[in-house]
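So you know, we letter chains A, B, ... as the sequences are listed, proteins then strands, and number each from 1. When reading the values below, keep in mind they use all heavy atoms of this one structure, side chains included, and skip hydrogens, waters and symmetry mates. Remember, it's a predicted structure, so these values are computed and weren't measured experimentally.
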Amino acid sequence: MSMVKVTLKDGSVKEVEKGISIYELAKEISGRLAKEAVVGEVDGETVDLTYTLDHDADVSILKFDDEEGAHAFRHTSSHILAQAVQRLFPGTKLAIGPAIDNGFYYDFDSEHVFVPEDLEKIEAEMKKIIKEDLKLERFELPRSEALDFVSEKGEDYKAELINDLPEDSIISFYKQGEFTDLCAGCHVTSTKQVKAIKLLSVAGAYWRGDEKNKMLQRIYGTSFPKAKLLEEHLEMLEEAKKRDHRKLGKELKLFALREEGPGFPFFLPNGMVVKNELMHYWREVHNAAGYVEVETPLIMNRKLWETSGHWYHYKENMYTVQIDDEDYAIKPMNCPGGMLVYDMEMRSYRDFPLRIGEVGRVHRHELSGALHGLMRVRAFTQDDAHIFMLPEQIKDEIKNVATLIDEVYQKFGFKYNVELSTRPEKSMGSDEEWELAETSLQGALEELGLDYKLNEGDGAFYGPKIDFHLIDCLGRSWQCGTIQLDMQLPQRFDLNYIGADGEKHRPIVIHRVAYGSIERFIGILIEHYAGKFPTWLAPVQVKILPIADRHADYAYELKRMMQSKGIRVEVDERSEKIGYKIREAQLQKNPYMLIVGDKEVEEKSISVRSRDKGELGAQDVAAFIDQVISEIKERANSL
RNA sequence: GCCGGUGUAGCUCAAUUGGUAGAGCAACUGACUUGUAAUCAGUAGGUCGCGGGUUCGAGUCCCAUCACCGGCUCCA
């Protein structure tokens, strides 16, 4: 372990481990050190954001490539933003301005309403501040003085933040030029280091994230130590726009959203193929895993929803309807129906685990502002299942479900994060029940060797849960799969089974989904594949393109041949040039194009073009069909 | 729901200080019969999101409303 001597600003010398991070360093020399840490020099030439604490001590502390380094860098960027805004719009109050993944934001309370055009002006001012090469200096004040300091400047939000800190706190501030902000750090040493900066958007955000509070104006931006990195990042955002499932959904005629039904998507023929293929695959996997399938009514009497508790806890989000003078509700969840199915027969412990699946369409009145393409809708399909079991079966069954979900995600090459949420403050059930439930869930994850994040107190009031978050091409994560233990519904519905002892017992119930919402899953798939679905999912798998009208007969002969083998195939018989037809098929992202002209008719062959690999040349018809069929069979390769 | 922005032909977009709506692609018709990402010509297509108002006159200004976009909140 090589140690390095660090000379602090006050002249004292400290020995630290080489390569130590600024945060570790701050911890080591509590409080004081962070102050010194910003007084360094940057070796801008060789390594961006490599700091030296003092002129004689070469300790690399922070790099932009590290998460912490990027964080400090973006944090300074947000201070520059706030400084520019206060210069241009005096009287603007500051709320908070943290670094986030890929950028930063700052929340403002201003009389002035920021419009997109303002961003350019603010950005120009920020560039000025960067050029001014302002040093960031840290200073600390006892809590009461800190309060006076911010109150004098009329920074009410900062005062509120300080008020929430303990009485004996020492409050740190960072100063750059005329601008000072309450801030824990860390920061880079000078505004000059922020070489490339770009403001992206302006949005509303509630103070402290609470909708009861005032709505502030949030400005988002991003920054990099090199112009090239910024360019690359902006290009990535452009690429992501091209993949947007709403755009591709329209271009590929997969689905549509209309004013007549906000949040209620239309699935067009192409999208329906994808949906049906996904369900086909789902049924294969679930059959193999021992699930049965049921379907429960979309509309049921209010009494059922009172029994389940939804009428009291979820009414705001439920669509209701009157039938014969009685209240009915459209189901927002499948569980109550599932409970009724269980209760239709006398159940035995020998039936367990009893896995009852339901691909159920649910309706929820989501806030209009929350709607987003297929990702957030008001009617969606859950690939639900309720599993009834004995307490001692929990762990193994959770493992089964997690394994199944993993298999499904692997199918599409998805990466995902797992989160385990435990007992919240307000909860139902005994300590022993929760203890068993939580250790079973945790044990299952650990035995499977899955990395997971623990969200303590984040579970549902009726039980702990495991969530699966898919990571999309933009790095955003979407909650899809979930496994929830339900300790409330069995009781509310008075569900029983006959145990080995001949007595009635309450079953354990888990509620789980793999896709989550099929609509959302399709949205994610569209972006994941950029519309280029693998052959088994592609709406049109083979497009036959006759070169001239006289080749149409042969084209249709090929079509019949392939169709009879279960291949989705179309003929483009328009009197257009072959280049035009190829372009169209290519834009529609059809996996295979077959060009047939005089040569192919004569030789009874085909000229194959692949969407991804381009021209493949002449091929034998039977061999090509076999190839396509093998790709279609990928749907089931897990079996 | 909240904050901000947007809304013109099926799609992507134009329309100088308010003066009476235009292009490309798509569609349709015709010609061309085509060899691996856009053949040419013509035709048709809009109560400028919907509803009020100001004005001699509104796509352009104001109000209201709906939807969408970026976020917040919430969530599969």
So does R423(A) pair up with E456(A), basic N to acidic O under 4.0 Å?
no
Among I522(A), N270(A), L374(A), find the one that has a side chain to side chain contact (heavy atoms under 4.5 Å, CB included) with L254(A).
N270(A)
Once you apply a heavy-atom cut-off of 4.0 Å, does L587(A) come out as touching a base, just sugar-phosphate, or nothing?
base
D101(A) CG: over 12 foreign heavy atoms closer than 6.0 Å:
no
What's the closest nucleotide to the L367(A) side chain, out of G71(B), U34(B), U73(B)?
U73(B)
Check every atom of C74(B), U36(B), U33(B) against the side chain of A370(A) and return the nucleotide holding the closest atom.
C74(B)
Which whole number of Å gives the distance between the C1' atom of C56(B) and that of U20(B)?
13 Å
Mind checking if G614(A) touches a base, just sugar-phosphate, or nothing, with heavy atoms under 4.0 Å?
nothing
Ion pair check, E576(A) and R574(A), cut-off under 4.0 Å
no
How is Q479(A) classified with respect to the nucleic acid when contacts are heavy atoms under 4.0 Å: base, sugar-phosphate, or nothing?
sugar-phosphate
Less than 3.5 Å between a donor and an acceptor, one on the side chain of E316(A) and one on the base of G1(B), is that the case here?
no
Looking at the side chain of E615(A), which of U36(B), G70(B), C74(B) is the nearest nucleotide?
U36(B)
Over how many whole Å does the gap from I606(A) atom CD1 to U36(B) atom P extend?
17 Å
Can you find a donor-acceptor N/O pair under 3.5 angstrom joining the side chain of R611(A) to the base of A37(B)?
no
Closest nucleotide of RNA chain B for I578(A) versus for S368(A): which of these residues is on the 5' side?
S368(A)
A14(B) and C32(B): how far apart are their P atoms, nearest whole angstrom?
39 Å
With the side chain of A203(A) defined as its heavy atoms from C-beta on, choose the nearest nucleotide among G7(B), U36(B), G70(B).
G70(B)
What is the base-pairing partner of U29(B), counting Watson-Crick and G-U wobble geometry with both distances under 3.5 Å?
A41(B)
For R378(A), which contact category applies under a 4.0 Å heavy-atom criterion: base, sugar-phosphate, or nothing?
nothing
Taking C68(B), C11(B), G71(B) as options, the one with an atom nearest any side-chain atom of M215(A) is G71(B)
Quick one: look up who G22(B) pairs with, Watson-Crick or G-U, both distances under 3.5 Å, and put none if it's unpaired.
C13(B)
Return the value, rounded to whole Å, for the distance between atom CD of Q484(A) and atom P of C75(B).
11 Å
Mind calculating the distance between CG (L216(A)) and P (U73(B)) to the nearest angstrom?
12 Å
For the C1' atoms, the ones on C48(B) and on G30(B), what distance do you get once it is rounded to whole angstrom?
33 Å
Salt-bridge criterion met for D458(A) and K465(A) (N-O under 4.0 Å):
no
Taking atom types as they are modelled, is there a donor-acceptor pair under 3.5 Å from the base of C74(B) to the side chain of R376(A)?
yes
Does C68(B) pair with anything, Watson-Crick or G-U wobble, both distances under 3.5 Å, and if so, with which nucleotide?
G5(B)
Mind checking if E584(A) touches a base, just sugar-phosphate, or nothing, with heavy atoms under 4.0 Å?
nothing
Under 5.5 Å between ring centres and under 30° between planes: true for Y580(A) and the base of A37(B)?
no
Pick the C1' atom in G52(B) and in U12(B), then give their distance to the nearest Å.
31 Å
Counting any heavy atom closer than 4.0 Å, what does V513(A) reach on the DNA or RNA strands: base, sugar-phosphate only, or nothing?
nothing
Okay, side chain of S78(A), backbone of G97(A): is any donor-acceptor separation there less than 3.5 Å?
yes
So what does Y515(A) hit on the nucleic acid, given a heavy-atom distance under 4.0 Å: a base, only sugar-phosphate, or nothing?
nothing
Classify the nucleic acid contact of N317(A) as base, sugar-phosphate or nothing, counting any heavy atom under 4.0 Å across all strands shown.
nothing
Given U34(B), C74(B), C72(B), which nucleotide is nearest the side-chain atoms of K577(A)?
U34(B)
Compare the minimum distances between each of G70(B), U33(B), U39(B) and the side chain of S575(A), then state the nucleotide with the smallest one.
U33(B)
Considering only heavy atoms and no angle criterion, is a donor-acceptor pair shorter than 3.5 Å present between the side chain of Y206(A) and the base of G71(B)?
no
Residue that, paired with D109(A), satisfies salt bridge (Lys or Arg N to Asp or Glu O under 4.0 Å) out of R218(A), K93(A), K214(A):
K214(A)
Over how many whole Å does the gap from D109(A) atom CG to C72(B) atom P extend?
18 Å
Among the candidates U39(B), A76(B), C69(B), find the nucleotide nearest to the side-chain atoms of V377(A).
A76(B)
Select base, sugar-phosphate, or nothing to describe what H372(A) touches, counting heavy atoms under 4.0 Å on all strands.
sugar-phosphate
Could you check how far CZ of R574(A) sits from C1' of A37(B), rounded to whole Å?
14 Å
Once you apply a heavy-atom cut-off of 4.0 Å, does G369(A) come out as touching a base, just sugar-phosphate, or nothing?
base
